[in-house]
Amino acid sequence: MVLAYLFAQLSLWARGKPGGLLVLGSANVDESLTGYFTKYDCSSADINPIGGISKTDLKSFLLFCVEHFHLPALRGILAAPPTAELEPLTDGQVSQTDEADMGMTYSELSVIGRLRKISKCGPFSMFCKLIHTWKDVLSPTEVAQKVKHFFRMYSMNRHKMTTVTPSYHAESYSPDDNRFDLRPFLYNTRWTWQFRCIDKQIPVLRVPLLVTAAGGEDAASEVEPSKTEGTVSRLAANTLNQKVLQ
């Protein structure tokens, strides 16, 4: 970043022109929420044009440009795996990817980010929503792992938001910096109470799945009403407590 600012000042000077240039940042909203950027590197640019836009919306915009402005070169960017190029290539192939480092895909992170930023969800209320949203692709245990992993990253790296580069805010999920986001930037990374509530719900949610696997849908339907009623009541009660404590 120091070199970027040096070149920004010298580029016009070397051509005998007055003034200087602005240094642009490139971290998107998903990376800002999880802290997947270097403090005082990506966070210390002059302005970040894509800092308030999610990765999924950025891809949609590039696809729009390909189709409407006839820019086929952008297809290579869309097809390339997101990477910070932190490791050398292996047999000519990318060996490090952002999604592998973050522990989730950008599509998953976009959903989680909206729940955190717009819906103000904590770990438990987010888990309650995602077990329904992702019920066809992830088990309750897998959903719990992703929610816990996100909030660990979120809480450990929240301090980076106090130095985040100013960006263009066009969506309600944009990551406001410490001037506008009044939530604390120092969190207990263990989230003890809420993580414990999630752990208590997983065995309850797993019962209908086990019955279905053992005896089919008919057997599951015999057990599921009573189980579901108790589960929903407990989820509602715990979610209410979570809202109060948040």
Side-chain angles (χ1 to χ4, degrees), residues 29-36 54 56 99-161 172-173 175-176 178 181-214 219-246:
V29 65
D30 303 317
E31 294 165 346
S32 295
L33 282 174
T34 57
Y36 189 68
S54 72
T56 53
E99 294 180 336
D101 287 351
M102 292 188 294
M104 60 187 72
T105 66
Y106 274 108
S107 297
E108 294 170 342
L109 190 54
S110 180
V111 174
I112 289 176
R114 282 178 168 87
L115 289 176
R116 178 57 183 168
K117 191 64 181 66
I118 300 176
S119 301
K120 303 296 190 295
C121 286
F124 186 73
S125 59
M126 184 180 293
F127 171 76
C128 293
K129 293 178 181 294
L130 290 178
I131 56 176
H132 299 290
T133 304
W134 291 344
K135 62 181 180 180
D136 295 329
V137 293
L138 295 175
S139 68
T141 301
E142 291 172 326
V143 173
Q145 290 173 346
K146 289 186 179 294
V147 169
K148 290 179 181 180
H149 181 61
F150 168 78
F151 274 96
R152 289 191 188 99
M153 291 193 300
Y154 176 87
S155 56
M156 285 190 297
N157 296 312
R158 180 68 183 166
H159 63 94
K160 295 181 180 181
M161 293 300 292
S172 55
Y173 61 72
D176 295 329
N178 62 313
D181 194 333
L182 301 182
R183 286 175 295 182
F185 62 88
L186 294 177
Y187 285 90
N188 184 344
T189 60
R190 293 187 293 272
W191 298 85
T192 308
W193 186 86
Q194 299 203 43
F195 283 5
R196 184 167 62 246
C197 289
I198 293 175
D199 293 336
K200 288 180 179 178
Q201 292 302 325
I202 292 177
V204 180
L205 295 169
R206 193 182 294 133
V207 171
L209 299 176
L210 295 176
V211 173
T212 301
S221 63
E222 297 176 2
V223 180
E224 196 168 350
S226 60
K227 292 293 183 181
T228 303
E229 183 179 355
T231 301
V232 171
S233 63
R234 281 190 292 273
L235 288 176
N238 286 334
T239 302
L240 178 60
N241 292 335
Q242 184 272 332
K243 290 291 185 183
V244 172
L245 293 174
Q246 193 174 33

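One distance of note links SG of C197 with CD1 of I202; it measures 11.5 Å at 0.5 Å rounding. Taking CG of D199 as the start and OG1 of T141 as the end, the distance is 9.5 Å to the nearest 0.5 Å. Summarising the geometry, atom CD1 belonging to I112 is positioned 11.0 Å from atom OG belonging to S107; distances are rounded to the nearest 0.5 Å. To the nearest 0.5 angstrom, R114 atom CZ is 10.5 Å from L109 atom CG. Here the straight-line distance linking atom CD of E142 with atom CG of L130 works out to 13.0 Å at 0.5 Å rounding.
Among all heavy-atom pairs drawn from N157 and G35, the shortest one is CB-CA, 3.5 Å. Across all non-hydrogen atoms, the minimal contact from K146 to M104 is O-CE, 3.6 Å. Between S125 and G122 the shortest heavy-atom distance is OG-N, 3.1 Å. Here the closest heavy-atom approach between residue K117 and residue S172 is recorded as CG-O, 3.9 Å. Nearest heavy atom pair, residue P123 against residue Q194, reads CD-OE1, 2.9 Å. Contact between A144 and I198 at its shortest, heavy atoms only, is CB-CG2, 3.6 Å.
In this structure, D30 contributes its side chain and S54 its backbone to no donor-acceptor pair below 3.5 Å. In this structure, S119 contributes its side chain and R116 its backbone to no donor-acceptor pair below 3.5 Å. Not one N or O on the side chain of E31 forms a donor-acceptor pair closer than 3.5 Å with the backbone of Y36. The main-chain N or O of K129 is found under 3.5 Å from a side-chain atom of T133 such that the two form a donor-acceptor pair.
Note: Y187 and F151 fail the aromatic proximity criterion, with ring centroids not under 6.0 Å apart.
At a threshold of 4.5 Å between non-hydrogen side-chain atoms, the residues E108 and F150 do not count as touching. Counting heavy atoms from C-beta outward, F127 and L205 have side chains that approach closer than 4.5 Å. Side-chain contact between F195 and R152 is present, with heavy atoms from C-beta onward closer than 4.5 Å.
No hydrogens or angles considered: nothing links the side chains of R196 and T192 as a donor-acceptor pair under 3.5 Å.
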